[in-house]
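Here is the structure we will look at.
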Amino acid sequence: MNTLVLIDGNSLMYRAYYATAYSGNLMKTSTGIFTNALYGFVNMMNKVMDEYNHTHMLVAFDAGKTTFRHEFLDSYKDGRKPMPDELRSQINLIKKYLDLLGVKRLELPTYEADDIIGTLATLGEQTDFEKIHIITGDKDLLQMADEKTTVHITRKGVTDIESFTPEAVFAKYELSPSQIVDLKGLMGDPSDNLPGIPGVGEKTAIKLLKQFGTVENLVTHTDELKGKMKEKVEANVEQALLCKRMATIHREVPLPVTFDDLFYQGPETAELMNFFKEMEFNAFLKKMKLEEVKEEKPKAPIRIILEAGELETLSYQNSAIHVEIFEENYHQANILGIAIVNETDAYYVPFEVAKESQAFMSFLADEGVKKSVFDVKRSRVALMWQGFDLRGVDFDLLLATYVINPTNVSNEFKKVALHYDYDDVLYDEEVYGKGAKRAVAPIEKVAQHSIDIATAVFKLKETAIEQLKEQEQLSLFEEMEMPLAEVLAVMEYNGMSLDLTTLDEMGQDLKGRIEALESQIFDHVGAPFNINSPKQLGEVLFEKLGLPVVKKTKTGYSTNADVLEKLSDAHPIIKLIMEYRTLTKLYSTYIEGLKKACYEDGKVHTIFNQALTQTGRLSSIEPNLQNIPIRLEEGRMIRRAFVPSQEGWVILGADYSQIELRILAHISNTESLIDAFKHGEDIHKKTAMDVFKVSEEEMTSDLRRSAKAINFGIIYGMSAFGLSENLNITQKEAKKYIDHYLETYSGIHQYMEDTVKYAKFNGYVSTLFNRRRYIPELTQKNYAIRQFGERTAMNAPIQGTAADIIKKAMIDVHQAMLEKNVKSRLLLQVHDELIFEVPQEELDMMIELVTKTMENVVELQVPLKADYSYGPTWYDAK
DNA sequence: AGGAAATGCAA
DNA sequence: TATTGCATTTCCT
């Protein structure tokens with residue numbers, strides 16, 4: 001049985017455009033082609049293709065400006081806003097898409113899309129179509145609803161659809177489909193500039209039609225109306241009849257097509273995929289791939305090594321290898337196997353087999369045999385846990401990609417590969433499933449996937465290196481990120497010891513105090529509620545207790561620390577809640593959280609993500625050891641649980657002093673700041689003296705505090721508003737401070753302007769070591785987004801250079817420690833500080849080695865300064 | 001089960 | 001309406 005689908009292209013195109021045109025931030029390709037309407041249209045078509053079991057399909061478009069309706073009414077569709085250029089430019093893309101999709105489209109001079117659809121639906125009902133579906137955003141087409149024909153109207157968005165059979169039309173309007181035109185005749189349609197009867201809206205029109213049935217019948221019985229209504233109708237009889245005629249769809253349009261032309265034969269798959277690639281529609285591309293995979297012919301058979309003996313003679317220079325690991329967290333993870341790919345060979349070794357082959361494992365551990373991988377740290381740490389090692393890796397595609405452009409990076413190999421236009425590899429999800437269904441796949445599947453990844457690495461290496469050279473980033477890659485991965489692997493594998501007894505004691509204490517606070521809070525309120533729920537807490541504070549609302553969030557009352565602070569005198573409950581928040585935070589995130597993350601060896605093994613931040617910093621997860629409390633004594637105690645792994649050793653911390661301000665002084669060439677740093681002066685005090693024009697004697701702690709806030713703000717590209725919030729002063733005063741600062745340090749002002757200009761011109765900013773951050777926000781229409789781009793442009797080189805410097809310090813320190821063959825270990829990096837565990841007898845030597853190495857990493861116009869401290873726990877290293 | 005939002009911890 | 005992150009809880013789909 002045949003099913004015909006008729007689509008109102010114009011109407012849906014508009015819908016698709018406006019549904020995704022929010023915030024003036026239209027979706028476009030990296031080359032600037034607007035694609036939001038196309039995107040919405042594709043989405044809608046995907047849904048249609050899945051939904052209606054179509055055999056025949058057509059998309060109708062309006063042709064030109066004038067239609068036969070203009071003969072009856074000159075002003076038809078007058079006053080319509082012209083189509084936005086951003087949409088007009090997408091019409092041909094949508095048409096091209098439909099052609100590639102294999103869907104017939106039609107537009108006819110003097111007729112509108114409605115009329116084409118009306119004619120085809122009418123003809124279709126008379127032939128052997130079992131079902132006809134009309135898809136549109138325009139209610140006019142409701143008049144076509146019929147026993148065989150259902151009209152589907154888009155609601156908000158593009159894929160949310162309301163379906164109308166004749167019964168559904170009646171249920172909603174109390175009218176039959178044929179009366180829709182009468183409805184239009186009476187109430188008019190502002191969007192088509194049809195007046196109808198002024199003063200008659202939907203409600204009145206329906207009432208009239210229930211009584212009289214049609215406009216024609218109404219006009220012959222106006223004597224039955226009374227008062228104002230009678231006057232209104234009689235005065236506009238002609239207009240109502242005309243509007244009805246205008247709204248009536250023409251069902252006898254001469255058509256240049258037959259139903260055979262509308263028979264759907266499927267898409268031009270390859271070309272459509274190319275089109276999606278051009279449009280950068282990766283999600284749709286992925287969907288097509290998934291569908292294609294099912295049909296695609298199998299690849300050449302893969303080679304799986306099943307006997308360790310076969311591995312005796314296999315070892316190659318410059319192979320790409322891939323260590324396939326099932327778990328996301330690679331510590332103590334299950335290694336499934338290892339793929340090896342090179343010019344002459346491609347095979348997969350299940351890990352049980354690899355383990356048995358000494359030759360194979362020495363091949364992996366051989367520094368002299370160079371290898372390429374994706375994510376060397378992941379591979380290496382997983383192997384270390386199994387008692388093996390991975391050395392001689394001189395190319396990591398993950399790190400290379402990160403250096404080339406940090407936004408192109410993902411844990412998902414395929415996403416990274418797609419940035420090189422390489423797509424001959426599956427998503428992990430396709431191999432293992434996702435969510436609860438994720439599971440180890442059959443060996444053939446895993447082997448194929450693993451080999452695909454190694455093959456991609458092998459093929460993409462050259463491209464990536466070329467690009468690194470072009471961007472003058474080869475040394476950042478080879479001499480910074482690659483060696484750092486080795487250092488981090490060892491740090492993660494070694495881990496940091498936790499004193500669980502201390503943690504438990506603190507936990508018990510906290511638990512008691514939390515329960516006590518809880519009952520006090522409930523007593524004040526008179527009933528228990530969930531204090532952790534901002535929603536419930538908001539209701540209690542601002543409705544039940546009637547406290548003044550300080551700030552609102554998107555979804556309700558704000559109850560954050562700033563708000564509570566302001567309310568702290570308004571009600572005794574506030575202080576209790578503040579303390580409750582502090583203690584539950586410590587308990588759940590730091591006591592419970594750390595206990596959960598602790599391994600059987602009594603240590604936490606964090607994972608440093610080396611290819612994530614947009615500035616070049618590291619990040620730390622499972623657990624995050626870069627945000628252990630320090631500011632408040634209460635939280636700082638947590639650090640007592642971080643201890644050396646051996647009795648009698650100490651924790652040594654070394655941190656860069658004011659590294660970001662030093663970098664700012666250096667790159668902005670600000671003489672007075674450079675001098676101050678050279679002479680070891682208190683830099684915030686110096687700033688206060690320069691900016692507020694006070695002498696040493698007139699200096700107050702308040703002035704210094706203000707200067708410190710400004711110094712911080714400058715690094716972040718702050719606004720007057722930001723500073724005023726921070727210092728609790730008026731915006732006017734804040735603006736004065738900033739202006740004064742930039743006047744005093746004109747070099748910094750100059751730098752800020754230059755770096756933004758540079759970013760606008762080149763699309764990116766760079767650090768001292770040539771790390772890049774691209775800033776597409778600067779090209780956006782939206783002012784707030786552009787402002788964000790400017791702040792990013794000012795901040796990224798500073799934060800990024802600091803990140804570069806400490807990375808280099810880590811490599812140098814690690815190297816020096818190897819050369820000295822020390823027992824001490826580097827444990828953590830926290831952005832501007834390094835944490836070590838050190839045996840007592842190495843302490844003096846390590847202090848010297850670490851601070852000097854950190855200070856000599858690079859020569860700037862200002863000296864780098866590293867401070868240090870140590871003690872039996874991390875808490876004491878302060 | 002998965003994702004968004006609110007909150008708070010660090011440099 | 002200040003930069004970069006991650007984890008927790010709640011709440012909704």
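Labels below follow one simple rule: chain letters A, B, ... track the order of the sequence lines, proteins then strands, and each chain is numbered from 1.
Comparing atom distances between the A:Lys554 side chain and each of C:dG5, B:dA5, C:dC11 picks out B:dA5 as nearest. With distances taken from any side-chain atom of A:Gln536 to the nucleotides B:dA10, C:dC11, B:dA6, the minimum falls on C:dC11. In this structure, of C:dA2, B:dG8, C:dT10, it is B:dG8 that holds the atom nearest to the side chain of A:Asn560. For A:Lys585, counting side-chain heavy atoms from C-beta on, the closest listed nucleotide (C:dA2, C:dA7, B:dA11) is C:dA7. Ranking C:dT8, C:dT4, C:dA7 by closeness to the A:Ile621 side chain, first place goes to C:dA7. If you check C:dC6, B:dG8, C:dT10 against the side chain of A:Ser619, the one that comes closest is C:dC6. For A:Tyr716, the side-chain atoms get nearest to C:dT3 when compared with the rest of B:dA10, C:dT3, B:dG8. Minimum atom distance to the side chain of A:Arg631 is reached by B:dA10, of the listed B:dA10, C:dG5, B:dA6.
Of the side-chain N and O atoms in A:Gln626, none sit less than 4.0 angstrom from OP1 or OP2 of C:dT4. In this structure, A:Thr613 does not reach the C:dT4 phosphate: none of its side-chain N or O atoms is under 4.0 Å from OP1 or OP2. Distances shorter than 4.0 Å separate some side-chain N or O of A:Ser533 from OP1 or OP2 on C:dC11. One finds a side-chain N or O of A:Thr555 lying less than 4.0 angstrom from the OP1 or OP2 phosphate oxygen of B:dA6.
If you measure from atom CG of A:Leu586 to atom P of B:dG8, you get 12 Å, rounded to the nearest angstrom. The distance from atom CG of A:Leu834 to atom P of B:dA11 is 14 Å, rounded to the nearest whole Å. Atoms NZ (A:Lys434) and P (B:dG2) sit 8 Å apart, rounded to a whole Å. Protein atom CG of A:Asn609 is 11 Å distant from nucleotide atom C1' of C:dG5, rounded to whole Å. Look at CD on A:Glu790: it is 15 Å from P on C:dA2, rounded to the nearest Å. In this structure, A:Leu661 atom CG and B:dA11 atom P are separated by 15 Å, rounded to whole Å. A:Asn728 has its CG atom 15 Å from the P atom of C:dA2, to the nearest Å. To the nearest angstrom, P of C:dT8 lies 17 Å from CG of A:Asn530.
Counting non-hydrogen atoms under 4.0 angstrom, A:Thr559 reaches the backbone sugars and phosphates but no base. Across all strands shown, A:Arg773 has heavy atoms under 4.0 Å from sugar-phosphate atoms exclusively, and none from any base. Counting non-hydrogen atoms under 4.0 angstrom, A:Gln787 reaches nothing in the nucleic acid. Nucleic acid contact for A:Thr584: none, since no nucleic acid atom lies under 4.0 Å from a heavy atom of the residue. Counting any heavy atom pair closer than 4.0 Å across all strands shown, A:Glu622 reaches sugar-phosphate atoms only and no base atom. Nucleic acid contact for A:Gly593: sugar-phosphate only, since backbone atoms but no base atoms lie under 4.0 Å from a heavy atom of the residue. Within the nucleic acid shown, A:Phe788 comes within 4.0 Å of sugar-phosphate atoms alone, with no base atom in reach, counting heavy atoms only. When heavy atoms are screened at a 4.0 angstrom cut-off, A:Ser558 is found touching the sugar-phosphate backbone but no base atom. Residue A:Arg581 is in sugar-phosphate contact alone, with no base atom involved, counting any heavy-atom pair closer than 4.0 Å across all strands shown. No engagement by A:Ile715 is indicated, since no non-hydrogen atom pair under 4.0 Å with the nucleic acid exists. A:Asn726 comes within 4.0 angstrom of a base, heavy atoms only. No contact: A:Glu660 has no heavy atom under 4.0 Å from any strand. In this structure, A:Leu612 reaches the sugar-phosphate backbone alone: every heavy-atom distance under 4.0 Å involves primed, P, OP1 or OP2 atoms, never a base. Heavy atoms of A:Ile630 sit under 4.0 angstrom from primed sugar atoms or phosphate atoms, though from no base atom.
Using a 4.0 Å cut-off between charged nitrogen and carboxylate oxygen, A:Arg791 and A:Glu777 do not count as a salt-bridge pair. Salt-bridge formation is detected for the pair A:Asp702/A:Arg705: a Lys NZ or Arg NE/NH1/NH2 atom is positioned less than 4.0 Å from an Asp or Glu carboxylate oxygen. A salt bridge does not link A:Arg438 to A:Glu328: none of the charged nitrogens lies less than 4.0 Å from a carboxylate oxygen. In this structure, A:Glu592 pairs ionically with A:Lys595, as a charged nitrogen and a carboxylate oxygen lie closer than 4.0 Å.
For B:dA11, the base has a donor-acceptor partner in the side chain of A:Arg617 [N/O atoms by modelled type, under 3.5 angstrom]. The base of B:dC9 sits with one of its N or O atoms less than 3.5 Å from a complementary donor or acceptor on the side chain of A:Asn627.
Ring geometry for A:Phe642 versus A:Trp874: interplanar angle over 60°, hence perpendicular rather than tilted (30 to 60°).
Under a cut-off of 6.0 angstrom, the local environment of NZ in A:Lys603 is crowded, with over 12 non-hydrogen atoms contributed by other residues, nucleotides or ligands.
Proximity of a side-chain donor or acceptor of A:Lys808 to a complementary backbone N or O of A:Val857 within less than 3.5 Å is detected.
Side-chain N/O atoms of A:Asp804 and A:Thr801 include no donor and acceptor closer than 3.5 Å.
Taking atom P in both B:dA5 and C:dT1, one finds a spacing of 15 Å when rounded to whole Å.
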